[in-house]
Number of protein chains: 2
Amino acid sequence: MSQHRHPGAPGRAGAVPVLPDLPEATVARLPEYLRALHNLADAGHETVSSEGLSAAAGVNSAKLRKDLSHLGSYGTRGVGYDVALLIEQIEYVLGLTQRRAVALVGVGNLGHALAGYDGFASRGFRIAALLDADPSRVGEEINGLVVRHVDELPAVAAEESIAIGVIATPAGAAQRVADQLVAVGVTSILNFAPCVLSVPEGVDVRKVDLAIELQILSFHEHRKASLTALPATGGSALTALPGGLAATDTQEAIGT
Amino acid sequence: MSQHRHPGAPGRAGAVPVLPDLPEATVARLPEYLRALHNLADAGHETVSSEGLSAAAGVNSAKLRKDLSHLGSYGTRGVGYDVALLIEQIEYVLGLTQRRAVALVGVGNLGHALAGYDGFASRGFRIAALLDADPSRVGEEINGLVVRHVDELPAVAAEESIAIGVIATPAGAAQRVADQLVAVGVTSILNFAPCVLSVPEGVDVRKVDLAIELQILSFHEHRKASLTALPATGGSALTALPGGLAATDTQEAIGT
DNA sequence: AGGCGCTTGTGAAGACGTGCACAAATCGCG
DNA sequence: CGCGATTTGTGCACGTCTTCACAAGCGCCT
């Protein structure tokens with residue numbers, strides 16, 4: 001870490017400097033820091049310490065400092081971080097300086113909500129197209145955008161460069177849509193359908209499954225309940241599991 | 001791992017056996033396995049190998065075997081896993097044998113979609129109440145449920161035991177709602193609002209932020225673009241960062 | 001100018017998660 | 001009955017992530 005802040009390489013548009021390859025865990029936290037920083041900026045703070053920022057983002061302060069150090073970091077010892085500068089750094093690294101176009105496929109229950117979600121626009125993204133396979137939905141106007149048929153994807157991609165595809169279709173249609181997105185050059189996909197997508201190498205897929213989150217919470221609920229129910233049992237049969245339970249009432253729930 | 005399948009301890013309702021404390025990473029994958037297993041069961045498979053199941057769930061097969069071994073596992077060497085039995089095991093561990101009641105607070109854009117999302121009902125959850133702070137929304141009927149005012153939360157909790165609270169409000173209202181949920185005894189919260197919640201110890205919070213997912217994808221897009229733009233630069237200045245970029249056009253964004 | 005308090009950046013250690021590779025176990029067949 | 005094919009369960013090594021603790025650096029006050 002000899003010299004950062006080397007004056008050269010401003011390179012407004014072209015010549016993107018090579019990005020440091022951040023740990024994936026760090027990348028996942030940067031948006032969190034960014035949000036906290038925006039809040040601080042709105043509240044009028046000019047600088048913030050790692051302690052303060054980590055509290056606002058809900059993480060350990062040492063972790064925050066290490067995360068920021070990975071991107072070269074511009075903190076000042078004894079003072080803290082310049083809020084505005086740090087916002088820029090993170091937005092640059094995350095590639096948010098350009099407003100990326102998002103294509104949303106599947107305008108059902110969830111798709112409708114996503115199309116109207118202002119959190120996208122406010123954080124550097126622009127929904128460029130709404131698509132659906134159902135002809136009865138094509139033509140509908142949502143939030144100022146007209147729903148087009150998914151087969152028009154090539155045309156949409158030709159009109160403007162789609163950076164990210166969002167899949168909000170039923171599981172059965174998701175793989176097909178993913179293939180179509182890949183075919184028109186999309187290399188980043190956010191998948192809300194509860195299924196595994198297979199995509200060629202070089203394409204990033206992130207998955208959000210609302211039911212999975214609930215199931216994880218359910219586990220912890222179950223766990224808490226089982227612990228408070230048997231507070232006496234010290235450390236004896238930790239590996240105990242139901243086992244025989246298959247015979248009784250679960251049968252009617254599963255069956256055929 | 002001497003003797004599993006010990007015949008005793010079926011204990012229908014009461015006497016919940018102590019759950020093994022699974023690694024968090026394993027818990028997060030169990031719902032994935034569960035979904036894949038349901039698909040296999042629907043397709044008529046009676047047994048499945050770790051290889052087959054791991055492919056369907058999109059994970060490494062060794063990882064899957066280790067995950068399943070943590071819950072005692074009921075595979076048969078040379079054969080594989082009994083699909084129906086494994087479904088039961090996982091559903092039991094995740095606490096899905098009882099249909100847990102969910103209270104959804106915030107019936108705006110996203111809340112509407114969540115209220116209508118059938119993925120909850122189909123995977124062991126039941127939306128027991130819809131709540132909102134906006135009086136103009138109270139009384140509205142969504143999917144057979146009438147929206148009630150959030151201040152009625154104590155009454156709702158008294159009517160039936162709420163296992164999980166889902167927060168789909170704007171960020172500004174989220175902490176307040178979380179406090180209300182905690183006050184009526186909810187110990188698991190799924191938060192869709194883009195903010196950090198502070199809750200007492202013993203309360204689990206999981207967070208889903210749609211914009212964060214996009215930002216993570218944006219980073220990878222940015223990274224891919226910067227790599228393909230400079231394919232010649234071998235391994236020289238890997239730590240290069242913009243740095244000077246603050247001097248030019250960013251100034252007008254910050255300044256004061 | 002010098003010292004003091006505060007904060008960053010980082011080395012090192014420990015916890016955690018992953019994946020290979022193989023022994024142990026089971027089934028089916030001759 | 002024995003053997004080979006198959007598949008689980010797991011020991012081990014490796015990589016990643018987290019956390020502590022502290023030296024280095026910075027600004028302010030005297």
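On a predicted model such as this, the values are computed, not experimentally measured, just so you know. Atom set for the values below is all heavy atoms of this structure, side chains included, hydrogens, waters and symmetry mates excluded.
Residue pairs meeting the salt bridge (Lys or Arg N to Asp or Glu O under 4.0 Å) criterion with at least one partner in residues 185-211 of chain A, sequence neighbours excluded, are A:D204-B:K224, A:R206-B:E213, A:K207-A:D209, A:K207-B:E32, A:D209-B:R123.
Defined by atom type and a distance below 3.5 Å, a donor-acceptor pair is present between the side-chain atoms of A:E221 and B:S188.
Note: A:T76 OG1 to A:D82 CG = 7.5 Å, rounded to the nearest 0.5 Å. The line from NE2 of A:H222 to CG of A:L217 is 14.5 Å long, rounded to the nearest 0.5 Å. How far NE2 of B:H45 is from CG of B:L53: 11.0 Å, rounded to the nearest 0.5 Å.
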*What string of B, S and - do you get for nucleotides 22-30 of chain D 5' to 3' if you count protein non-hydrogen atoms under 4.0 Å?*
--BBBS---

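Nucleotide C:dT7 holds its P atom 17 Å from the CD atom of A:E46, rounded to whole Å. Regarding B:L22, its CG atom lies at a distance of 14 Å from the P atom of C:dT18, rounded to whole Å.
Heavy atoms only, all atoms of each residue included: A:L22 and B:F219 are closest at CD1-CE1, 3.9 Å.
For the OP1/OP2 pair of C:dG9 and a distance below 4.0 Å, the side-chain nitrogens and oxygens of A:Y81 include at least one atom meeting the criterion.
Crowding of B:R176 atom CZ: a count of heavy atoms from other residues, nucleotides or ligands under 6.0 Å not exceeding 12. Taking a 6.0 Å sphere around CD of B:E24, one finds it holds more than 12 heavy atoms contributed by other residues, nucleotides or ligands.
Listed by chain and number, the residues in a side chain to side chain donor-acceptor pair (under 3.5 Å) with B:T26 are B:D67 (sequence neighbours excluded). By the side-chain contact (heavy atoms from CB on, under 4.5 Å) test, B:A41 is found to be paired with B:V83, B:I87, residues two or more places apart in sequence or in another chain being considered.
The stretch residues 48-59 of chain B does not touch DNA chain C, since none of its heavy atoms comes less than 4.0 Å from the strand.
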Kindly give the atom pairs (protein nitrogen or oxygen, nucleotide nitrogen or oxygen) under 3.5 Å for nucleotides 15-18 of chain D.
from   : atom 1 : to    : atom 2 : distance (Å)
D:dT18 : OP1    : A:R29 : NH1    : 3.0
D:dT18 : OP2    : A:R29 : NH1    : 3.1
D:dT18 : OP2    : A:R29 : NH2    : 2.9

